2 protein chains.
Amino acid sequence: MALRYAILISLHEEAATGYEITKKFDQGMGFFWQASHQQIYLELKKMSDLGLVEFQHIEQDSKPDKKLYQITSQGIQALKDWLIQPVKTQTIKDSLLMKLYAGPLGSAQHLLDEVLRIKQEHVELLETFHAIEQEWFQNIDQQPLPYQYIYYTLRNGIHYVQSWLAWSEEVIPFLEKQAGAATR
Amino acid sequence: MALRYAILISLHEEAATGYEITKKFDQGMGFFWQASHQQIYLELKKMSDLGLVEFQHIEQDSKPDKKLYQITSQGIQALKDWLIQPVKTQTIKDSLLMKLYAGPLGSAQHLLDEVLRIKQEHVELLETFHAIEQEWFQNIDQQPLPYQYIYYTLRNGIHYVQSWLAWSEEVIPFLEKQAGAATR
DNA sequence: AAAATCATGTAAGCAGTTACATGATTAC
DNA sequence: GTAATCATGTAACTGCTTACATGATTTT
């Protein structure tokens, strides 16, 4: 049900089409919530039936028609109600850790390759996060309040990625040793 | 589908009943994979139909009958095949971050309470992890190889929890300031 | 007396993924 | 000519959660 509120938060910032919301989920919000266009279109329809959002048909030439959605006062209330619900503690579901746990039954070389690949992705993600921090969030306590809140979601991402990288520095030497031992 | 392989890994360690596997998921493996008893019983049945596991009926007096499951050679092969599949990069779905992103629309005090609550859970989890590390994984490079692999899944957990705690040290002062400003 | 432990399951429903479907326009 | 962008949707399926169901034994 959290997808519903992610969409409402997005529409509370500004009215948008399903297509535009989908793109937003690939960027900023995408760090802590993901959704496909199928899911988003379906949820928008449900929310429209419930009166949480409403839309205008916009005809375009040289481009397909679109539906511009905006949040209703009912939608704002539903969002506010949700914001004060307690959250469930996050659980981790990580199949890489499961494969590591299985240990010698698998291939150390394969695990090493996977860790290196994901490490590379995380290195790039960290660079992206740092670039965003530099560009958008300098002198954070002088920025508008909504920016300050968003800044801390970014900081969460930075800490998360850094912890993964720190761990990979521990596990890589171990896996290298195991992969080496297997081929000897 | 990863649940299937989590169960197979568990059964590869030792034969067990659905009930025992459920308990295992509340401990060690539970850090990186969770499953309810309903899901586990259902999956065991499917796997039994597929020949990946087999079971013996065991009658007990003063306790309900049980089914002791063990992995078959087919199951071991399926597990090995799965272990060398590439993993998808983990995505984060965290509704607390979403609520933080929504910022001034919500209540800073509520967010603060939630962060403090989850921080407390993480502090306790870190203590548990450190205790396990002390008790089971001292002189790690002299331990049996399967233990060494499992050790690195524990290390992942420690890094993860620590990064969350480090982040909470950043966000708590900010939320305290906002909560204070709102009541003044 | 109440709650926890042992032990297994069914059924309904929701959330999310994957596949399928269309079609014009614009950029490479 | 091929691929990407704009823009929306349906349908089938899988994975998971929540609720319901039973019942003896043991611990508090």
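Hydrogens, waters and symmetry mates are skipped; everything else that's a heavy atom, side chains included, is used. Quick caveat, the model's predicted, so the values are computed rather than measured. Residue numbers start from 1 in every chain, and the chains themselves are labelled A, B, ... in the order their sequence lines are given, proteins ahead of strands.
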J.: I want to check one thing: is the phosphate of D/dG9, taken as OP1 and OP2, less than 4.0 Å away from some side-chain N or O of A/Lys67?
T.: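 Looking at the OP1 and OP2 atoms of D/dG9, one of them is under 4.0 Å from a side-chain N or O of A/Lys67.
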J.: Kindly state which residues belonging to residues 38-54 of chain A come within less than 4.0 angstrom of DNA chain C, counting heavy atoms of the residue only, listed by number.
T.: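 The stretch gives A/Gln38, A/Gln39 as the residues lying under 4.0 Å from the strand, ordered by number.
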J.: Ignoring hydrogens, what is the shortest heavy-atom contact between A/Ser48 and A/Tyr69? Give both atom names and the distance.
T.: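 Reported closest heavy-atom pair: CB-CE2, 4.5 Å.
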J.: What is the distance from CE of B/Met1 to C1' of D/dC13, rounded to the nearest Å?
T.: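 Interatomic distance, CE of B/Met1 to C1' of D/dC13: 12 Å.
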J.: Once you round it to whole Å, what is the distance between C1' of D/dA7 and CD1 of A/Ile21?
T.: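 Between C1' of D/dA7 and CD1 of A/Ile21: 13 Å.
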J.: Tell me which one of A/Asn156, A/Leu83, A/Thr153 satisfies side-chain contact (heavy atoms from CB on, under 4.5 Å) with B/Leu100.
T.: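 When side-chain contact (heavy atoms from CB on, under 4.5 Å) is applied between B/Leu100 and each of A/Asn156, A/Leu83, A/Thr153, only A/Thr153 qualifies.
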J.: Name the closest nucleotide to the A/Ser36 side chain, picking from C/dT18, D/dC6, C/dG16.
T.: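 Nearest nucleotide to the side chain: C/dT18.
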J.: Quantified as the angle between the terminal helix axes (five pairs each), what is the overall bend of the helix from C/dA1-D/dT28 to C/dC28-D/dG1 to 10 degrees?
T.: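 What I find for the helix from C/dA1-D/dT28 to C/dC28-D/dG1 is an axis angle of 50°.
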J.: On the ring face of A/Trp167, is A/Lys119 found with NZ or CZ under 6.0 Å from the centre and within 45° of the axis?
T.: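 Checked: cation-pi criterion not met.
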J.: Looking only at the side chains, is there a donor atom on one of A/His159 and B/Glu170 sitting less than 3.5 Å from an acceptor on the other?
T.: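 The criterion, which ignores hydrogens and geometry beyond distance, is satisfied for B/Glu170 and A/His159.
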J.: Take the protein atom CD of B/Gln34 and the nucleotide atom C1' of D/dT17, then report the distance between them rounded to whole Å.
T.: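 Spelled out: CD on B/Gln34 to C1' on D/dT17 is 13 Å.
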J.: Rounding to an integer number of Å, can you tell me how far A/Phe25 CZ sits from C/dG16 C1'?
T.: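 In whole Å, C/dG16 C1' lies 13 Å from A/Phe25 CZ.
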J.: Testing the 3.5 Å rule here: is there a donor-acceptor pair between the side chains of B/Thr72 and B/Glu54?
T.: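 The criterion, which ignores hydrogens and geometry beyond distance, is not satisfied for B/Glu54 and B/Thr72.
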J.: Could you tell me how far apart B/Leu68 (CG) and C/dT8 (P) are, to the nearest whole angstrom?
T.: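 Roughly 9 Å, once rounded to whole Å.
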J.: Quick one: B/Glu59 CD to D/dA24 C1', roughly how many Å, whole number?
T.: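 That distance rounds to 15 Å.
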J.: Would you indicate whether A/Lys80, at its atom NZ, is surrounded by more than 12 heavy atoms from other residues, nucleotides or ligands within a distance under 6.0 Å?
T.: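 Count not over threshold, so no.
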J.: Taking NE2 from A/His37 and P from D/dT10, how many angstroms apart are they, rounded to a whole number?
T.: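 A/His37 atom NE2 is separated from D/dT10 atom P by 11 Å.
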J.: Answer yes if the side chains of A/Asp81 and A/Gln85 hold a donor-acceptor pair under 3.5 Å, and no otherwise.
T.: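 Result is no, nothing qualifies.
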J.: So, OP1 or OP2 of D/dT26: does either fall under 4.0 Å of a side-chain N or O from B/Lys63?
T.: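 So the side-chain polar atoms of B/Lys63 never come under 4.0 Å of the phosphate oxygens OP1 or OP2 of D/dT26.
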J.: Let's go through A/Asp113 and A/Gln109 carefully: what are the C-alpha distance in whole Å and the side-chain angles of both, what is the deciding distance for side chain to side chain donor-acceptor pair (under 3.5 Å) to 0.1 Å, and is it a yes or a no?
T.: CA-CA 6 Å; A/Asp113 291 345; A/Gln109 183 62 52; 3.0 Å; yes
J.: Does A/Lys93 have a side-chain nitrogen or oxygen under 4.0 Å from the phosphate oxygens OP1 or OP2 of D/dG15?
T.: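 So the side-chain polar atoms of A/Lys93 never come under 4.0 Å of the phosphate oxygens OP1 or OP2 of D/dG15.
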J.: What is the distance from CD of A/Gln60 to P of C/dG23, rounded to the nearest Å?
T.: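 My rounded result for the distance is 18 Å.
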J.: Could you tell me whether the side chains of B/Glu43 and B/Gln39 share a donor-acceptor contact shorter than 3.5 Å?
T.: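 Distance-only check fails for B/Glu43 and B/Gln39.
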J.: Which of the following nucleotides, C/dT5, C/dG16, D/dT8, is nearest to the side chain of B/Tyr19?
T.: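 Nearest listed nucleotide: C/dT5.
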